[in-house]
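In what follows, a structure is listed as structure tokens, so that the remarks can point back to it.
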2 protein chains.
Amino acid sequence: MICLTAIPVAHPRSAFHMNEKPNLQRCPDPQTKCKECPIRTMTLFRDVSENDLVWMQEFRDTQYLLPDREILFQEGETAHTLYTLFDGWLILFKTLDNGKRRIMRFLLPGDFFGFQVDGIGPASGYMHSSQALMESTLCAFPVTRFRSMMQKQPQLTARLAEMEMHDMNLCQNHLIDAARNSARQHIAFLLLELFHRVRRQIRSGYDGKTNSIVFPLTREDIGDAIGLTSHHVNRILQEMEREGLILCQKKRLSILNEKAFMEIGQFEPGMILPKHLI
Amino acid sequence: MICLTAIPVAHPRSAFHMNEKPNLQRCPDPQTKCKECPIRTMTLFRDVSENDLVWMQEFRDTQYLLPDREILFQEGETAHTLYTLFDGWLILFKTLDNGKRRIMRFLLPGDFFGFQVDGIGPASGYMHSSQALMESTLCAFPVTRFRSMMQKQPQLTARLAEMEMHDMNLCQNHLIDAARNSARQHIAFLLLELFHRVRRQIRSGYDGKTNSIVFPLTREDIGDAIGLTSHHVNRILQEMEREGLILCQKKRLSILNEKAFMEIGQFEPGMILPKHLI
DNA sequence: CGTAAATTTGAGGTGCATCAATTAAAGTGG
DNA sequence: CCACTTTAATTGATGCACCTCAAATTTACG
């Protein structure tokens, strides 16, 4: 459990610029062009035609680098910027009244975030806080240009709805998992979901030889995602390692007995496949 | 906890028609016209112009009446029809491997559902089962006409994304609530969410005199929505009644001490307000 | 090489599930 | 309108999974 006590003061709106974010640095040139983007098929802009990508590029601000464990924005902060995660791994979380932290979403490359806001108009605030689980690269889009971008490219709306449905699906899966009762199930389910999501990535941290992925979560992160203490998470992980099911150490996760593990977590790969509008 | 053992055989696709649903009866004429619909501002079709409503009406199948506690469709069943709830109260739920039931969404008038499907194309199946908590009226839209309807009315896509965001928000709130620890909190939160949602309805079952709403959930329903046994739900409800917080009996819910109750449930009305695309 | 962060281990308490019945309420048909 | 049946609500006893508090140990990192 992590308690964030010092909530930073919101930036005065007029004076806000990206470069005021102390821990966010502009990526050095040359930055990745949208039309050369290696992960575009996984992003909001999948369906944009080659031609349109040229001017679409204008909507993007720049690519930024966010260091490991650094916070990108805080819940409630005025939402000036929307993001596509280009490379790395982020979390969206909320801090509860009792000080506990709840991780709501894990963001992997291609994920679009920051548009779920509270309130209407230019003063609307982010719904979650976001933090890097490893050094990450972000493509930033100023909110001010977003609406006109959506209007000029109507298919973006459909794609957004589709991506929203996918996130909704993941969220519902977690709700279902929450209805089960054992810590073993919760942990197995979460690890499997993340494992399969990473493996689906175009440039994934997946290693087929050891059936393992890059896995930067601490036991506390795992606990805050499923509602357990880091202590108990640790005990169960050890138990699972002793049983030869997995190996979860040094920022790497190997699944040694995938079949048995999926049985425990009641997980099926189809659960996290992209959903489509009818 | 409810165990559904007898999963009905799926209808052969070609032979399926609405009227094969044994418990679904066509509403007697005259049926409500879209352009005279009293709840249209709460539906997917809020932004459709008066002119367009005439031909929009053509897309709709008919209005159907679903009796109390009757099942509308089962998870996995081929999704031929999308619905707007016109009047009544439904639940969307999933039946877990261990036999338990998890209620995923409570549907109130205006809610659009049935479009979250598994798979692609005409063979895709519903993601949840749906059941009436009271006699309900439904507006049915054949899937086959839906895509062309969306194309002719692009603003429907934006509205759909917006409604999806709202549902996502509710779903996330439940996830947050699941991270809290006491049954008191879970129950208070759920009751308050439903109470406020009903009160926001145009034709609500709200009675200002007793600060009460129509509330058809059994203790089992409540338990299946938040992951408790009906026994324990009952104990907590009694406790709350003894403390003069609420009254939850005979299909009615009164909130007697709203301030204290909101404190317990860590609920704020803003949590369930509609969200907007930036 | 020193300090902070993360992991690990242990003991003890409790909230909620489980099992087992009883009672009350709501339909249903004669 | 009353017997009958079904469903929902209620009550109690027992056990365990997981939390809490407390501290030691290891790992990461400047």
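In what follows, chains carry the letters A, B, and so on, assigned in the order in which the sequence lines appear, proteins first and then strands, with residues in each chain numbered from 1.
- As a whole-Å value, the separation of B:Leu237 CG from D:dT11 P is 12 Å.
- Under the 6.0 Å cut-off for aromatic ring centres, A:His128 and A:Phe113 do not qualify, their centroids lying 6.0 Å or more apart.
- Between C:dA6 and A:Gln249, no contact under 4.0 Å exists linking OP1 or OP2 to a side-chain N or O.
- Between B:Arg102 and A:Asp177 there is no salt bridge, since no side-chain nitrogen of the basic residue lies less than 4.0 Å from a carboxylate oxygen of the acidic one.
- Note on B:Arg219: every side-chain N or O is 4.0 Å or more away from OP1 and OP2 of D:dA8.
- Considering only side-chain atoms of B:His231, the nucleotide from D:dC18, D:dT20, C:dC19 that sits closest is C:dC19.
- The pair B:Arg184-B:Glu243 counts as a salt bridge, with a side-chain nitrogen and a carboxylate oxygen less than 4.0 angstrom apart.
- Checking A:Gly227 against A:Lys250, the closest nucleotide of DNA chain D that is more toward the 5' end is the one next to A:Gly227.
- When each of B:Ala183 and B:Asp68 is assigned the nucleotide of DNA chain C with its nearest heavy atom, B:Ala183 is the one assigned upstream, toward the 5' end.
- Looking at the side chain of B:Thr218, the nearest of the listed nucleotides D:dA8, D:dT20, D:dC19 is D:dA8.
- Regarding B:Ile187, its CD1 atom lies at a distance of 13 Å from the P atom of D:dA9, rounded to whole Å.
- Atom CZ in B:Arg69 sits about 13 Å away from atom C1' in C:dA26, given to the nearest Å.
- In this structure, a donor-acceptor pair under 3.5 Å is absent between the side chains of B:Arg199 and B:Ser204.
- With DNA chain D read from its 5' end, the first of the two nearest nucleotides for B:Glu241 and B:Asn181 is the one closest to B:Glu241.
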